[in-house]
Amino acid sequence: MAAADGPGPGGCGCKGVRACLLCEAAPPPQMRENFVYCPVTGFAVGEEQSEYAGWAFLFPGVFLLEDFISPDEERKMVELMDYSTWKPSQSGRRKQDYGPKVNFKKHKLKAGNFTGLPSFSQEIVTRMKEHSVLNGFLPVEQCNLDYGPERGSAIDPHLDDWWLWGERLVSLNLLSATVLSMSRDSEDVLHLFPACLQKTPGSDPPADSQDHQSNDLAPAGGLGNTTKPESVSSPTRLMPSKEATVAIHLPRRSLVVLHGPARYSWKHAVHRNHIRSRRICITFRELSAEFSHGGEQEELGKKLLGMALTFQGTPV
């Protein structure tokens, strides 16, 4: 987490080029995705109303699990979060941070007022480990973000830091459904093929869409999603990857994990038009290799992780 943001000119937390309904002069244009991620097959499929309707490409590195928590658990968690203060954040969001104080530009880190993750997350973290994609996942930071349509809440396309944060980004989506929008700035091309060549519904999804890849993937790792099915001898259509925008639909109470190419090669965002009612996102992050076993800052990582997993923390 970064230092707490001060209020912007409209009483919000916006700084720099970011804006929300409280401070902007005019609303920005809203983007429409041209592909939709299919969690059954692991492919991104062209939107029916786009020029890519009927085309698809492999989109590895996403694990989506619906109904990860019950409605009663959701209600209790939100009540507990609302007992604590929500601080103004960028682009109309409000936030609660549980994590060390970090200066990502200078690569400096200290515990600050961090006392651990909140108690209500302990059962959630335990439950995560039942899934192979989260084998060995030990979160050292939790960030709660509150989105509201009345504030024009959104989060710009971005890649999460990988100096401190590790391979897997885990988010729990509460109170309302939304869309995680994926995009790239790369000049690489994507190999598209007819969507009818996807695996049929009910068949096993590609391994990359369900199973965690080892943590030796370089942050600047390859696209992965340029792979085409073995049944296709040559790509039937090419497109610049920077023109592809993939919508990952997140149902209420679902858990999503980004790893591999979806973590390091594709930016993720939540656009304003996908916030129709209050939405809370709880994101958990693990340590990178530098702060883990055998890394240069292993001892500091152990200290922070020991604090995090006491589950006795309050927002910093």
Side-chain angles (χ1 to χ4, degrees), residues 28-66 133 154-159 171 173 176-211 213 221-252 254-276:
Q30 297 301 306
M31 182 173 65
R32 178 180 175 85
E33 293 77 14
N34 49 24
F35 288 85
V36 177
Y37 175 74
C38 175
V40 176
T41 64
F43 289 91
V45 183
E47 272 275 17
E48 292 183 2
Q49 303 302 318
S50 80
E51 64 175 294
Y52 301 107
W55 299 92
F57 63 92
L58 185 62
F59 196 86
V62 179
F63 175 81
L64 180 62
L65 185 64
E66 296 188 25
V133 69
I155 190 165
D156 293 339
H158 66 283
L159 293 168
S171 293
N173 187 56
S176 63
T178 193
V179 174
L180 193 63
S181 300
M182 312 295 289
S183 60
R184 282 177 55 83
D185 296 329
S186 172
E187 297 296 328
D188 294 331
V189 297
L190 292 172
H191 298 263
L192 308 183
F193 59 91
C196 61
L197 295 180
Q198 294 180 89
K199 293 188 177 182
T200 57
S203 62
D204 293 333
D208 284 346
S209 70
Q210 294 292 324
D211 296 327
Q213 297 175 343
L223 270 174
N225 51 10
T226 56
T227 304
K228 55 185 180 292
E230 294 180 1
S231 60
V232 180
S233 59
S234 62
T236 53
R237 184 171 180 177
L238 299 178
M239 72 173 294
S241 62
K242 65 181 179 181
E243 294 182 7
T245 51
V246 181
I248 302 176
H249 288 267
L250 303 181
R252 182 175 179 175
S254 64
L255 185 84
V256 65
V257 182
L258 302 182
H259 62 94
R263 156 77 165 105
Y264 295 119
S265 297
W266 289 80
K267 293 182 178 181
H268 57 276
V270 175
H271 298 301
R272 179 182 296 177
N273 54 305
H274 292 137
I275 301 298
R276 306 294 177 83

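Bear in mind that the values here come from a model prediction, so they are computed numbers and not experimental data.
- Panel note: side chain N34, backbone T245; a donor-acceptor pair is recorded below 3.5 Å.
- Taking the six-membered ring wherever Trp is involved, the centroid distance between the rings of F57 and Y52 does not fall below 6.0 Å.
- Within the 3.5 Å criterion, the main-chain N or O of S265 finds a donor-acceptor partner in the side chain of R184.
- With rounding to the nearest 0.5 Å, the separation of CG in L192 from CG in L238 is 7.5 Å.
- The backbone N or O of N173 lies less than 3.5 Å from no partner atom in the side chain of S254, so there is not a single donor-acceptor pair.
- Counting all heavy atoms, side chain and backbone alike, M182 lies closest to L258 at CE-CD1, 4.3 Å.
- Between A262 and F59 the shortest heavy-atom distance is CB-CE2, 4.3 Å.
- Distance CG/L180 to OG/S171: 7.5 Å, rounded to 0.5 Å.
- Looking at every heavy atom in both residues, I248 comes nearest to Y37 through CG1-CB, 3.8 Å.
- Contact record, E33 with H271: OE2-CD2, 3.6 Å, taken as the closest heavy-atom pair.
- Atom CZ of R237 is separated from atom CG of L190 by 11.5 Å, given to the nearest 0.5 angstrom.
- The salt bridge (charged side-chain N to carboxylate O under 4.0 Å, His left out) analysis of residues 254-269, with sequence neighbours excluded, yields the pairs D185-K267.
- Partners of H249 according to the ring-ring contact (aromatic ring centres under 6.0 Å, His included) rule, which considers only residues two or more places apart in sequence or in another chain, do not exist here.
- Of the possible donor and acceptor atoms, one in the side chain of H158 sits under 3.5 Å from a partner among the backbone N and O of H268.
- Rounding to the nearest 0.5 angstrom, the gap separating the CD atom in E47 from the CZ atom in F35 is 10.0 Å.
- When all heavy atoms are compared, the tightest approach of T236 to P194 is OG1-CD, 3.4 Å.
- Here the shortest heavy-atom pairing between Y264 and L159 reads O-CD2, 3.8 Å.
- Distance check: D188 CG to K242 NZ gives 11.0 Å after rounding to the nearest 0.5 Å.
- Shown here are the side-chain hydrogen bond (donor to acceptor under 3.5 Å, both in side chains) partners of D156, two or more places apart in sequence or in another chain: there are none.
- With rounding to the nearest 0.5 angstrom, the OG atom of S186 is 9.0 Å from the CH2 atom of W266.
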